Structures are given as structure tokens and as C-alpha cells.
Amino acid sequence: MPKTDPIGIFDSGVGGLTVVKSLLDKMPQESFIYFGDTAHVPYGEKTREQLLTYAQDIMKFMMKKNCKAIVVACGTHSSVTLPLISNNYTLPLLGVLEVGARQAIASTRNGKIGVAATQATVDSRAFTKSIVSLNKNVEVMEVACPRLVPLVEAGKLTGPEAEAAIKSYFDPLLDWQADTVILGCTHYPFLVPSIKKYTEDSLVLIDTAGETVDELKALLESHELLNDSDSEPVRQFFVSGEELSFYNVGKLLIGDVIKHVDKVKLS
Ligand code: DGL
């Protein structure tokens, strides 16, 4: 497999751009294909069966595009579908769950870890299981935050709506005295300034993107797939829904790297 082949990155919408941002920073030489499944956003309210179909269709698309590795840049797929599909592929395939769990264990001082995530992720209890498998002495409280993804998809990162939603989801975590909260959905790091403002910076917020990219780098190195050529990287963005809003909000979130967005129908 050529080292210059792209890395596939996917999410329901703009959330996985948190991983793209970190990839651009840490491995700018890599080409990538980003897929935002905007025809099906938000994932948080979908069933396991629906999510499994989406994951299989997206993986098929990524295979056709000759991706050399895949980052499931989505807490929901990492929690619900990745455990079901990971054995079906031989290429490096990683999600954001375990890195989040590891970072939270390393961060907590009082042993109280909060998880803010989608309803589907919370229902799976995947974060709790992953955290407790690393350390039985910590407590975990998971909170579903269904209003946050639509806000980020609309580019509403600040203002009264974002503040009210953050208050309703973070008050229970503050009352419970969590000292560390995993942002278990990849959309949420874009709300960090608003979350920090509301919580008066009293929580360690775990953004999984950076360590996911570090893990990806190590994985590519071990498979001898790291792009060490000086060829110009190719960066492509695809969506299953409407292109314009992804283009506009995506540019707001990560800037001019998004030059063009193509719509594809997967199934
Ligand atoms: N960004 C995704 C996640 O990390 C999907 C959120 C959604 O579409 O509900 O869970």
C-alpha cells in the first residue's frame, strides 16, 4: 500500500474536524479524505442498527478511495459500532474511546470522571466500561447532551442558546464534583471556550483529538505507512447531505483548508 494514500476520517458532520485540525498540526504531510455523514446527523438519536449500516457504508466508501488507515472521529461510532466492525478490516482503524479513557484516568485527582456525550454513546456505557477496565477505583458519571451537536452544526458556539444548553448538562457534573470531564463527542471541543466560561475553568476538559492523532502516527509508523515523501498532500471533504452549510461552518471551525465539499450518496 503506498504511503502517499490518504487517511480516511469520518463523523456525522463537522465534529471530526477536531481531529482534522490536530492532524494538520501534527502530520501536515498526510493526505486525507474526510466524510461528514450529514444526511444522518445527529447520530446520538439513532439506533445501533442504523449506526451499523452507516458505518459499513462509510467504510466501503473509504476502501474504494484506497485509504491506508481510518480514524473513526466520532464518539458515537467509536462506542457503538467500532467494536462490532473492527475485526472485518485489516488496515489500521482507530476510534476516540480508549484515548479519552486513558487521558481522564491520568488527569483525575479526586477519582470522579464525567463523560459528556451523545445519547447513543451514553446508552452504550462504553466510556464507563473503558475507564473502569483501566482503573476500578474511579467513579464515572455520564451525561447525554443532545442539544450540543445541532448547535455546533449550526456554528452557534457562543451566545444564549449555547450557554443554556451547557448549563443544563454541566450543572449535574459540577454538583457531583467531577474534576475531569471527557468531551466524548467530537463536536464538543468546538464549545470549549463557552464550557470553560460557564464552569469558570474548574474542570479538566478532555479533548480526544490530539492523542488520537498521536496514536494514529504511532500506528502508521509501526505499519511503515507514514508519508515521508515531499509530495503535496491532497485534502478532500465529502458529505452525504447538503454541501454549503458544511462548507461554511467547516471554514468557521478550521479555516481555509476546506476548499471544496462534494456530496456523495453512499447506499
Ligand atoms: N461527533 C459525533 C460523536 O462524537 C456524532 C454526534 C452526533 O451526530 O450526534 O459522537
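Start at 1 and go down the list; that is how both ligands and their atoms are numbered. Bear in mind the structure is a predicted one, so any value in this text is a computation, not a measurement.
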* To do: Could you tell me which non-hydrogen atom of Ala55 sits nearest to which non-hydrogen atom of His77, and how far apart they are?
  => CB-CE1, 3.6 Å
* What's the shortest heavy-atom distance between Asn227 and Lys68, and which atoms? -> N-NZ, 3.8 Å
* To do: Tell me whether the centres of the aromatic rings in Tyr169 and Tyr188 are closer together than 6.0 Å.
  => no
* Val204 reachable from Val181 in the ILVMFWY side-chain graph, under 4.5 Å edges -> no
* Asked: Should Val96 and Ile206 be counted in the same cluster of Ile, Leu, Val, Met, Phe, Trp and Tyr side chains packed under 4.5 Å apart?
  -> no
* Structure fact -> Using a 4.5 Å side-chain heavy-atom cut-off and chaining through intermediate ILVMFWY residues, the residues clustered with Tyr54 come out as Phe10, Ile33, Phe35, Tyr43, Leu51, Leu52, Ile58, Met59, Phe61, Met62, Met63, Ile70, Val72, Val80, Leu82, Leu84, Ile85, Tyr89, Leu91, Leu93, Phe238, Val264, Leu266
* Asked: Who's touching ligand 1 if we go heavy atoms under 4.0 Å?
  -> Asp11, Ser12, Val41, Pro42, Tyr43, Gly44, Cys74, Gly75, Thr76, Thr118, Val149, Cys185, Thr186, His187
